[in-house]
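All remarks here apply to the structure that follows.
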Amino acid sequence: MPRDPFNREIDYLRISVTDRCNFRCVYCMPLDGLRFLPNNELLSPAEIETVIRAAVAVGFRKFRFTGGEPTLRLDLPEIIERAASVPGVGQLALTTNAMLLDTLAEPLKRAGLARINVHLDSLNRETLERQMRWANFDHMWAGIMAAERVGLTPIKLNAVVTAGYNENDVVDLARLTFERDWHVRFIELMPLGGGECARLSVKRYVSNIETRRRIESAFGPLSELPSDNPADEAQNFKLAGARGVVGFISPVSEPYCGTCNRMRLTADGKFHLCLLNDDEMDVRKALRSGAADVEQQVGAILIRAVQHKPTGHHLLEGRSTRERSMYQIGG
Ligand code: SAM
Ligand code: SF4
């Protein structure tokens, strides 16, 4: 398994397959001024497969597909099928807004997908549609149900807590864990990309300390669960009598850079070394070089990317990425 200069074992690759999305969440995508990658700049399913083969060969085991909204790629089942065919690949996961999952859950499962994380900021239709602009609660809920039905489990829900939008809805979301064995996780806002969404993310930030307080005032104390995975970015808890798990992902109030095990691949074929940093290494040129040893070349770039992975972020000093926003990296 590759280690970075800070002795972190990096074995998890998050693969963004598109920068497009069918939503415009207020902290992620502005309504105007967006420019998307042309199709010929996106990695093809075969190119993504080559990266996964190279990554497995150098010791990567965990892979997640993300975006933008990954389900907008019509060839997502093919991408997953190709990934699943790579010997040594671990469980394949997907992060999605679930809007299109009602019909896609079954073909994705058949293609080899193991689990999903669904981004759902509220159970209140009005808040949801105000915060996750263009969202439709009924379609998303049908998508989550379809995922559960076909066994894309455990279902993990992610809610980005945003002041003046869903900060009080965290109680209803946490209540879901009494009825269902789901993980409901609360994410702190991060400002990426320097534009209007970054400014909103600073202004509307809610610390998970506050979110936890809201949940505990409603339901009593949360008890912390022992971690079986030191690289899990969520701190996991249970409410008394609950079936599911309440998780907190707190990159701002409790940074977890020291246990980061991630590398990211952007939809246009760059290894993005750290979510909160602009450093990247191009891999598309090698993939399109036509060289006979392309897999080895990609593996060598990946090892170099791991060796240059930075640590520590500067969110509290107001510094983050300038070049790319969240939808262009994949979260
Ligand atoms: N569209 C999919 C989705 O929303 O899950 C996948 C891509 S999205 C960029 C990945 C994750 O980024 C989302 O689950 C959302 O929780 C998170 N995200 C987006 N903007 C964020 C922000 N400003 N701060 C914190 N998390 C953010
Ligand atoms: Fe789309 Fe996901 Fe960004 Fe929301 S967070 S705009 S669903 S990419």
Side-chain angles (χ1 to χ4, degrees), residues 14-32 34 36-37 64-73 76 93-101 104 108 115-122 128-137 139-140 143-144 147 152 155-163 165-167 170 173 183-208 211 233-234 247-253 255-256 262 264-267 272 275-276 313 315 320-321 324-331:
R14 294 175 64 101
I15 300 173
S16 171
V17 296
T18 180
D19 58 348
R20 289 166 197 256
C21 190
N22 42 358
F23 291 2
R24 292 290 182 271
C25 301
V26 288
Y27 41 71
C28 183
M29 290 178 92
L31 294 175
D32 301 315
L34 290 163
F36 298 108
L37 293 165
R64 171 178 297 278
F65 299 98
T66 175
E69 177 45 45
T71 57
L72 291 186
R73 276 275 301 243
L76 186 63
L94 177 77
T95 298
T96 173
N97 61 31
M99 188 71 178
L100 302 175
L101 216 51
L104 269 176
L108 292 177
R115 321 183 265 111
I116 52 156
N117 287 4
V118 174
H119 175 194
L120 179 78
D121 284 339
S122 177
L128 181 86
E129 289 163 22
R130 194 171 145 244
Q131 180 165 343
M132 299 181 84
R133 293 176 294 205
W134 305 0
N136 176 296
F137 180 82
H139 288 192
M140 294 168 77
I144 297 167
L152 292 170
I155 302 279
K156 294 190 183 179
L157 299 188
N158 291 333
V160 183
V161 186
T162 307
Y165 288 84
N166 67 341
E167 85 259 52
V170 299
L173 283 163
H183 292 229
V184 178
R185 303 160 358 139
F186 300 98
I187 303 181
E188 289 181 344
L189 275 170
M190 288 173 270
L192 267 80
E196 73 181 68
C197 294
R199 287 191 290 280
L200 180 140
S201 299
V202 172
K203 211 167 95 200
R204 304 279 180 166
Y205 170 77
V206 181
S207 159
N208 265 339
T211 296
E233 78 278 29
F248 296 101
I249 300 178
S250 316
V252 182
S253 65
Y256 39 81
R262 292 153 188 231
R264 291 174 168 82
L265 177 67
T266 63
H272 187 94
L275 176 62
L276 298 169
H313 66 62
L315 290 178
S320 170
T321 59
R324 290 202 197 246
S325 297
M326 198 65 104
Y327 69 95
Q328 296 165 312
I329 304 174

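One-based numbering, in listed order, for ligands and for the atoms of each.
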Quick one: look up the protein heavy atom nearest [atom] and list residue, atom name and how far away it is.
atom                    : value
atom 13 (C) of ligand 1 : His119 ND1, 3.6 Å
atom 11 (C) of ligand 1 : Gly331 CA, 4.4 Å
atom 16 (O) of ligand 1 : Val160 CG2, 3.1 Å
atom 1 (Fe) of ligand 2 : Cys21 SG, 2.3 Å
atom 26 (N) of ligand 1 : Met326 CE, 3.5 Å
atom 4 (Fe) of ligand 2 : Cys25 SG, 2.3 Å

Apply side chain to side chain contact (heavy atoms under 4.5 Å, CB included) to residues Thr71 and Met99 and explain how you reach the verdict. CA-CA 9 Å; Thr71 57; Met99 188 71 178; over 6 Å; no
Taking only heavy atoms of [X] into account, list the atoms of ligand 2 that are under 4.0 Å away from them.
X     : answer
Met29 : 6 (S)
Gly68 : 8 (S)
Asn97 : 7 (S)

Are [X] and [Y] side-chain neighbours, meaning at least one heavy-atom pair lies under 4.5 Å?
X      : Y      : answer
Ile144 : Leu157 : yes
Leu275 : Leu192 : yes
Met190 : His313 : no

With atoms numbered from 1 as shown, which atoms in ligand 1 lie under 4.0 angstrom from a non-hydrogen atom of [X]?
X      : result
Glu69  : 1 (N), 2 (C)
Ser201 : 23 (N)
Cys28  : 20 (N)
Gly330 : 10 (C)
Gly67  : 7 (C), 9 (C)

Evaluate the ring planes of His119 and Tyr27, with Trp represented by its six-membered ring, and classify them as parallel (under 30°), tilted (30 to 60°) or perpendicular (over 60°). tilted
Report yes or no: does Asn208 contribute a side-chain atom to a donor-acceptor pair with the main-chain N or O of Ile249 at less than 3.5 Å? yes
Does the Arg204 side chain pair with the main chain of Val161, one donor and one acceptor, at a distance under 3.5 Å? no
Is the closest heavy-atom distance from Thr96 to ligand 1 below 4.0 Å?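 Yes, Thr96 has heavy atoms under 4.0 Å from ligand 1.
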Measure the distances from the heavy atoms of Gly68 to every atom of ligand 1 and state whether one is below 4.0 angstrom.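 Judged by the 4.0 Å heavy-atom criterion, Gly68 does count as contacting ligand 1.
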Closest to atom 3 (Fe) of ligand 2 among Ser325, Gly330, Cys28 (heavy-atom distance):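 The option holding the nearest heavy atom is Cys28.
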Could you tell me which non-hydrogen atom of [X] sits nearest to which non-hydrogen atom of [Y], and how far apart they are?
X      : Y      : answer
Arg130 : Val26  : O-CG1, 3.8 Å
Pro30  : Cys197 : N-SG, 3.5 Å
Val206 : Thr162 : CG2-C, 4.1 Å

OH of Tyr205 to CG of Leu200, rounded to nearest 0.5 Å, is 14.5 Å
I need the Gln131 CD to Glu167 CD distance, nearest 0.5 Å.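 Rounded to the nearest 0.5 Å, the CD-CD separation comes out at 9.5 Å.
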Per-residue contact class, Asn117 against ligand 1 - non-hydrogen pairs under 4.0 Å: neither
Is it the side chain, the backbone, both or neither of Thr95 that has a heavy atom closer than 4.0 Å to ligand 1? both
For ligand 1 and [X], I'd like to know whether there is a polar contact (N/O to N/O, distance under 3.5 Å).
X      : result
Thr66  : no
Met190 : yes
Tyr27  : yes

If the contact criterion is a heavy-atom separation under 4.0 Å, does [X] count as touching ligand 2?
X      : result
His119 : yes
Met326 : no
Gly67  : no

Show the numbers, then the answer: is there a side chain to side chain contact (heavy atoms under 4.5 Å, CB included) between Val160 and Asn166? CA-CA 8 Å; Val160 183; Asn166 67 341; 5.7 Å; no
Could you give me the CA-CA distance, side-chain angles and deciding distance for Glu188 and Ser207, then say whether side chain to side chain contact (heavy atoms under 4.5 Å, CB included) is met? CA-CA 6 Å; Glu188 289 181 344; Ser207 159; 3.9 Å; yes
Please say which of Asn22, Thr96, Thr18 ends up in a side-chain hydrogen bond (donor to acceptor under 3.5 Å, both in side chains) with Glu69.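 When Asn22, Thr96, Thr18 are each tested with Glu69, the side-chain hydrogen bond (donor to acceptor under 3.5 Å, both in side chains) holds only for Thr96.
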